[in-house]
Structure formats: C-alpha cells, structure tokens
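To keep things clear, I will list the structure first and then write my remarks on it.
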Amino acid sequence: MSPEPNAPDDTEASSAPDGADEPAATAETTELDADETTDSSSPYTLQREDGSETHHAFWADDVADRVEDRDPDEPIVIKGGISPSGVPHLGNVNEIMRGYFVAEVLRERGHEVTQVFTADDRDPLRGLPRTLCDLEGNLVDLGEVNAGALGRNLGSPYTDIPDPFGCCESYGDHFSQIIEDSAAAVDVPIEFVSTTELYESGDLEEITRHVLENRDTAREVLSKYQDKVEENGEYVPFNPICEECGKITETVTDVDLEAGTVEYRCTDMDAGDQTIEGCGHEGTATLRDGKLPWRFEWPAQWQALGVDFEPFGKDHAEGSWPSGIDVAENVLGIEPPVPMVYEWFTLDGEPFSSSAGNVILVSDVLELIEPEVLRYFFTKDPSKARDFSVERLDLLVDEFDRFEAVYYGEVEASEDERAFAERVYPLVVDEPDEDRIRLPYTFAAVLGMTDDPALREEIARREGHIPENASEQAIEDALGRVEQARNWARRTENEFDYELKREAIPDHDFDATTEIALEELADFVEEGHGPDEIQEEIYETAKRHDVDMGSFFGAGYRLFFDEEQGPKLGPFLAKVDREFVVARLRRER
RNA sequence: GGGCCGGUAGCUCAGUUUGGCAGAGCGUCUGGCUUUUAACCAGACGGUCGCGUGUUCAAAUCGCGCCCGGCCCGCCA
C-alpha cells in the first residue's frame with residue numbers, strides 16, 4: 001500500500017530522467033543525447049519537440065509522420081479499444097475517431113490502412129453498473145433488468161455473461177454492438193475484434209505461451225510498475241477462467257507448457273472496494289481458457305494484430321503505456337506502436353458517469369447534430385481537455401458552419417484558420433458540396449417551433465436562408481437540421497423550446513382592455529395581411545388601447561405558446577393558418 | 001508527496017514547435033430593419049494570455065519557481 005518499501009524500485013520505475021519526459025521504461029541512461037528525436041517512449045506525441053519535422057495544420061498529419069517514420073508493413077494497422085463494460089459514451093468515441101483521422105491521412109498519402117477496434121470483452125465484470133442501455137441507446141436502470149443474474153456473474157468475462165436485454169449473445173456482445181453501431185453512425189469503416197475471440201481462436205495462444213515461457217522476465221518487468229508483483233515472487237502472468245464457476249481467477253499454481261496448460265485455484269479477487277469470492281475449485285486450464293493480465297494483454301494485442309498506431313486516454317499515459325513499452329520490447333521483443341494520448345471530455349462540465357446519469361451516446365448526439373458536426377468535434381487538438389456542451393451545442397454547430405464556410409472561401413479568416421479548414425474539411429465531409437445549405441442552428445430551432453414542414457421552408461426562404469434556385473435535395477438536407485435543433489430545444493428546455501399550442505388553448509387571464517385589443521387584432525388578421533403588417537398592427541393595437549407593449553406581446557405568447565416570450569410574433573402568426581390564429585386570438589379554441 | 005497534461009475575452013475556442021502589434025465565433029451593448037419582444041444587418045465594448053521571475057531589442061510563445069484543475073504513481077481496464 002505504502003510506496004515506502006519499494007522506494008528504490010519505485011524511483012527507478014516511475015521517475016523520468018531530469019527534464020526529459022521519459023517515464024519509466026528500462027533504466028536507460030540519464031543523458032539522452034541532447035533533447036529530441038530519441039524520446040520514442042513519451043506518449044505525448046503531439047507535444048514532442050521534433051525540429052526535423054514540418055509543422056502541420058492538422059495533428060493527424062504529425063501522427064502520420066511518426067507512423068511513416070517506422071517504415072511500417074502494409075497494411076498499416078491502427079487500433080483502438082475499450083472494455084464493453086457498460087453504456088458506451090461519447091468519450092469512448094475517441095478510440096474510433098482519433099484513429100480514423102490518422103488512418104484517412106495515411107490513406108491519402110497512398111498507404112493501405114486497416115483500422116481495428118478491440119472489444120476487450122474477456123475482461124471480468126468487476127461491479128454492477130447502475131445504468132445500462134438497450135440497443136437503441138435508451139438508458140435503463142439496473143433495477144429494470146435482471147440484476148440478480150448480473151450479480152451472480154461478477155468476476156466472469158463479459159462474453160460469458162448473458163445479455164440482460166436478451167437481444168445479444170452476451171453482455172459483452174450487447175455493448176460491443178452499440179459501439180459498432182456508433183462507428184457506423186459516424187461513417188467510420190473499422191474492423192471489430194473480440195478479444196475473447198482472439199483467445200478462443202488461438203490467435204493469442206503463441207504469445208501467451210511466450211509470456212509464460214518467459215514469466216521470470218515478465219515478472220521482473222512488471223514488478224517495476226506494480227507493487228503487488230514481487231521481483232522474485234510467484235506471480236504468473238495468466239488468469240484462467242474457472243471451469244467450475246466461470247470466473248477469472250488469479251492464482252496459478254503450476255504451469256505445464258509441454259501440455260499447454262496451467263493449474264489454478266479459484267481464489268478471491270479484489271475489485272475496487274469489494275471482493276469477488278472464488279469458489280475454491282482447483283483445476284486445469286488451457287492457454288485459451290483464460291486471459292493475460294491487461295499489462296500484458298495490451299502489448300499482446302499489438303503483436304497479434306501488428307499495431308502501428310494507437311490512441312489512448314490520459315489514464316493510460318503514466319501507467320499502462322510505460323509498462324506496455326517495456327513488455328513489448330523486453331518480453332515480447334516487438335516494437336510498440338506510435339502512441340497518442342488524448343485528453344478526456346466532460347459533458348456539460350461534468351465527467352462522464354453512467355452511474356450519475358451523466359452520459360450521452362452517439363445515437364443521442366446524432367439526434368441533435370449532423371454526423372459531420374460530430375466528426376468535426378474530433379478534429380480538435382486531442383491534447384486539450386474539452387467540454388461537450390449540450391447546453392451550448394449551438395456554439396459547436398456555428399463553429400462547424402464557419403469551418404465549412406472558410407473552406408469554401410465564403411468568409412474572411414486568418415491564415416491558420418484557412419489552412420486548418422482546407423486540410424481537414426475534406427476529411428470531415430464525405431462529399432463536399434458547395435451548394436449545401438446550412439440554416440443557422442438557433443434559427444433552425446426557431447423554425448422547430450412549428451411542426452409544419454411547408455411553413456418551416458417558407459420562413460427559411462423569406463429570411464433568405466434558402467436561395468431561390470436551391471435544389472429540392474439541398475432544401476431537404478437543410479431542413480433536417482430543424483428536427484435536430486427542435487430536439488435540442490426540447491432536451492435542454494432552453495429559450496427555443498416553444499411549441500405552438502394548437503390542440504388546446506393555454507390557461508390565461510387577461511384584463512378587459514387586453515381582451516378588446518385582442519379582438520381587434522383578430523379582426524385585422526381575419527382581413528388577411530402580410531407578416532410585417534401584422535407585426536405593425538400589434539404595436540398599433542396596443543397603443544390604441546393603451547395596453548402595455550410588453551404585456552400585449554406577452555398575451556400573444558401566452559395564447560400561442562403558453563410562454564412569457566417567443567419568436568417575433570407578427571411574421572410567425574402570418575404564417576400559421578389564418579382560421580386558427582383568428583380563433584385563438586378570440587380565445588374560442 | 002512524486003511524475004505527466006492542461007490553464008488565452010462573460011462563454012466556446014484558434015494562436016504556443018519556428019519569440020515579432022492579442023485573434024475568431026457566440027454573448028453583451030449601441031444603432032439599423034418605418035415605431036421596446038430574442039430570426040436579419042452594421043458598429044462598439046470586452047483580455048494583468050493562471051501568478052512571479054529570468055533570458056531577449058522583443059515573451060501568450062523559451063528557462064526557472066509557484067498556484068489551480070485533471071490523470072497516473074494501489075487494483076482493474
């Protein structure tokens with residue numbers, strides 16, 4: 001627990017040579033020639049000073065340079081991966097999109113690239129998630145599924161646990177499926193690999209055998225990073241699955257590589273603050289009936305899949321990455337991939353947390369914005385922490401619209417901005433179309449106040465957002481944003497969350513003068529007038545009757561939206577069918 | 001406590017490698033759109049670049065020290 005007993009080890013393992021950002025690895029020299037180029041172990045790829053390389057407008061080009069420097073075999077393999085432990089949120093999409101942009105850049109440079117994603121689904125379930133979700137992305141409380149069945153499976157691999165929703169082969173498959181759907185939704189071609197499948201098919205068997213053959217070295221290497229692993233202890237880097245209770249076990253009592261088996265005893269497993277009890281069974285397992293501990297499994301995946309580049313969250317940067325390099329080089333004898341640390345996102349200022357309900361899935365996001373806007377979000381500098389703000393999603397969409405307009409040369413922009421747009425936009429949008437139409441997001445939200453598609457289009461035209469000669473397709477695409485902005489207004493209950501109350505008249509209480517004024521306004525509307533005339537008449541009517549301007553508008557918003565405020569009233573009323581407006585102003589229905 | 005990453009306008013972010021006048025969008029304010037009610041247009045306001053210090057003709061940018069936030073240094077992934 002305390003670092004004291006291991007102080008010397010610890011120092012060697014985790015403190016970098018002065019000034020260099022080299023964490024751990026083998027106890028190399030302290031003086032790496034001067035500064036740069038030698039430091040291949042730092043995962044902070046984008047921060048690396050590397051005078052010899054050109055400065056690119058897009059970070060993925062910097063990464064691609066590094067990948068090319070390795071002179072990789074083709075196809076170049078780019079990996080990402082997570083454990084399908086529960087609701088996959090937007091932060092997990094980093095594992096897909098960050099790699100995707102690097103893959104695209106390399107493809108552009110003429111390389112053949114395969115992007116793979118490992119579902120680390122042989123990992124054991126270590127705790128009960130409070131919230132799950134179905135394949136449609138609807139959040140479901142643990143209590144609504146068979147929690148007992150899940151509880152009995154604590155400690156078992158995700159792929160051995162029945163799907164609580166009953167729709168997939170296993171718990172692991174269920175959440176892997178959602179991740180696959182997410183990748184498809186943002187249009188990223190990526191090959192999904194089940195880690196369980198890698199074990200069962202034997203693709204990891206030789207590597208597992210190698211690790212066990214060299215378990216003394218493996219133990220020595222890992223002991224530099226993990227206190228529980230004693231340099232001269234009994235640690236065996238393999239966790240069999242108990243044939244009796246199905247749980248991942250941690251106590252291997254004997255290794256027989258001739259037979260390709262290990263002997264084990266099913267003992268208790270620490271999982272956070274609780275203990276998952278082992279059944280005590282003693283048995284024999286093959287090298288396919290278990291898993292490597294993560295610190296070995298990750299490098300083993302690199303070897304099995306031939307990984308050249310992998311992005312990972314900052315939680316790995318000072319932990320499993322340094323040990324991963326060490327394992328790769330000194331246990332497996334392979335070159336680790338080019339790394340890249342990405343910072344974490346927050347959601348509306350708070351960390352992602354499925355237990356606290358602070359999650360958003362890709363499917364949720366795509367109800368609010370177009371896929372290209374989401375893809376754009378992931379082009380931003382990975383080394384900076386960022387907030388994905390649903391509340392202020394309009395800012396992100398505005399930013400994207402500007403990014404797009406800069407690309408088409410429609411607005412003035414700085415050199416940096418232009419260079420970024422020119423480089424990145426074609427990677428974000430599949431088929432660039434100069435004639436696309438983008439309704440400003442908040443304007444789209446205003447249009448969302450009415451359900452009538454024809455009315456939406458008409459207002460958009462009148463306000464000059466749709467050119468005369470626009471194609472039907474372009475208009476349809478543009479109006480798609482109205483639904484999204486409408487969903488956004490509803491979800492956030494923001495100032496655009498007005499809804500024309502057609503079906504029933506809202507409760508209201510006006511004084512006599514206001515009622516008379518409303519009658520007159522009804523008469524005026526009934527005569528048939530244009531939007532500006534109605535707007536003007538609202539002012540005139542209020543003045544004539546000496547009704548306070550604010551409260552008169554307020555009366556209108558009350559009648560039509562059941563709100564204090566709303567969109568510009570005259571033009572809006574002019575567009576809604578006259579019969580209804582007149583009746584509503586007379587408070588007849 | 002140690003290592004690492006980050007901190008730029010009210011908000012969202014560029015700019016930091018390669019030192020050269022502090023930038024954009026949104027918001028706000030003012031004005032325009034014939035006359036207070038959120039869509040459109042124009043303009044303005046807005047920053048000790050986390051703090052201090054060093055180097056330099058010149059520092060958001062480079063060095064050193066500190067502050068704040070996050071991650072790792074147990075386990076697990």
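The model shown is predicted, which means the values in this text are computed figures rather than measured ones. Only this structure's heavy atoms are used, side chains among them; waters, hydrogens and symmetry mates stay out.
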Nearest to the side chain of A:E318, which nucleotide is it out of B:U12, B:C4, B:C76? B:C4
Quick one: label A:S389 by what it contacts on the DNA or RNA (base, sugar-phosphate, nothing), any heavy atom closer than 4.0 Å. nothing
Can you tell me how far P of B:A39 sits from CG of A:L573, to the nearest Å? 17 Å
When the P atoms of B:A22 and B:G6 are considered, how many whole Å apart are they? 24 Å
Given the side-chain rings of A:Y407 and A:F403, with only the six-membered ring counted for Trp, is the space between their centroids under 6.0 Å? no
Could you state the NE2-P distance from A:H316 to B:C75, rounded to the nearest angstrom? 14 Å
Mind checking who B:G10 pairs with, Watson-Crick or G-U wobble, both distances under 3.5 Å? B:C26
Considering every strand and a 4.0 Å limit on heavy-atom distances, what is the contact class for A:K228: base, sugar-phosphate, or nothing? sugar-phosphate
Look at all strands and tell whether A:W298 reaches a base, only sugar-phosphate, or nothing, counting heavy atoms closer than 4.0 Å. nothing
Would you mind classifying the nucleic acid contact of A:D123 as base, sugar-phosphate or nothing, using non-hydrogen atoms under 4.0 angstrom? sugar-phosphate
In whole Å, I'd like the distance from the NZ atom of A:K314 to the C1' atom of B:A77. 17 Å
A:S414 near the nucleic acid: base, sugar-phosphate alone, or nothing, with a heavy-atom cut-off under 4.0 Å? nothing
To the nearest angstrom, the CD1-C1' distance between A:I276 and B:A77 comes to 13 Å
Distance, C1' atom - from B:G19 to B:G54, rounded to whole angstrom: 15 Å
What's the gap between B:G23 and B:U61 when it is taken at their C1' atoms, as a whole Å value? 15 Å
For A:R418 and A:V406, work out which heavy atoms get closest and say how close. NH1-O, 3.4 Å
Do any side-chain nitrogens or oxygens of A:R295 fall under 4.0 Å of OP1 or OP2 in B:G74? no
Integer angstrom distance from the P of B:U16 to that of B:C26: 23 Å
Where the side chain of A:D416 is defined as all heavy atoms beyond and including C-beta, which of B:A77, B:G15, B:U12 is the nearest nucleotide? B:G15
Protein-nucleotide distance (A:R392, atom CZ; B:C26, atom P), rounded to Å: 11 Å
What is the distance from CH2 of A:W321 to P of B:C4, rounded to the nearest Å? 18 Å
In the structure shown, which nucleotide is the Watson-Crick or G-U wobble counterpart of B:C40, with both distances under 3.5 Å? B:G32
Note: for A:E417 and A:E250 on RNA chain B, the residue whose nearest nucleotide lies more 5' is A:E417
Look at the side-chain N and O atoms of A:K384 and state whether any lies under 4.0 Å from the OP1 or OP2 oxygen of B:G7. yes
If you measure from the C1' atom in B:G52 to the same atom in B:A60, how many Å do you get, rounded? 15 Å
Interatomic distance, A:E343 CD vs B:C72 C1' [rounded to whole Å]: 12 Å
Does B:C62 pair with anything, Watson-Crick or G-U wobble, both distances under 3.5 Å, and if so, with which nucleotide? B:G54
Assert yes or no for the condition that the ring centre distance of A:Y425 to A:Y408 is strictly below 6.0 Å. yes
Under the side chain to side chain donor-acceptor pair (under 3.5 Å) test against A:R461, which residue among A:E457, A:E458, A:H465 passes? A:E457
With both distances kept under 3.5 Å, what pairs with B:G69, Watson-Crick or G-U wobble? B:C5
Quick one: look up who B:G19 pairs with, Watson-Crick or G-U, both distances under 3.5 Å, and put none if it's unpaired. none
For B:G74 and B:A58, measure between their C1' atoms and round to the nearest Å. 49 Å
Candidates A:W321, A:W298, A:W344 - the one meeting ring-ring contact (aromatic ring centres under 6.0 Å, His included) with A:H316: A:W298
Taking B:C40 as the reference, what is the distance to B:U48 when you measure between their C1' atoms (whole Å, please)? 38 Å
Base, sugar-phosphate or nothing for A:R402? Non-hydrogen atoms, less than 4.0 Å. sugar-phosphate
Is any side-chain nitrogen or oxygen of A:Q226 closer than 4.0 Å to OP1 or OP2 of B:G74? no
Residue that, paired with A:F378, satisfies ring-ring contact (aromatic ring centres under 6.0 Å, His included) out of A:F345, A:Y342, A:F101: A:F345
Looking only at atom P, what distance separates B:C66 and B:G27, rounded to whole Å? 42 Å
Does the A:D121 side chain pair with the main chain of A:D173, one donor and one acceptor, at a distance under 3.5 Å? no
Quick check for you: among B:G25, B:C40, B:A77, whose closest atom lies nearest to any side-chain atom of A:H465? B:C40
Under the salt bridge (charged side-chain N to carboxylate O under 4.0 Å, His left out) rule, what pairs show up with a residue in residues 544-562 of chain A, not counting sequence neighbours? A:E520-A:R544, A:E537-A:R544, A:R558-A:D562, A:R558-A:E564
Name the closest nucleotide to the A:R126 side chain, picking from B:C11, B:C13, B:C75. B:C75
Could you state the CD-C1' distance from A:E415 to B:G15, rounded to the nearest angstrom? 13 Å
So what does A:E297 hit on the nucleic acid, given a heavy-atom distance under 4.0 Å: a base, only sugar-phosphate, or nothing? nothing
For B:C76, the Watson-Crick or wobble counterpart (both distances under 3.5 Å): none
Describe the nucleic acid contact of A:F400 in one word from base, sugar-phosphate, nothing, applying a heavy-atom distance below 4.0 Å. nothing
Earlier contact from the 5' end, RNA chain B, for A:P440 and A:D387: A:D387
Ranking B:G74, B:U36, B:C4 by distance to the side chain of A:M549, first place goes to B:U36
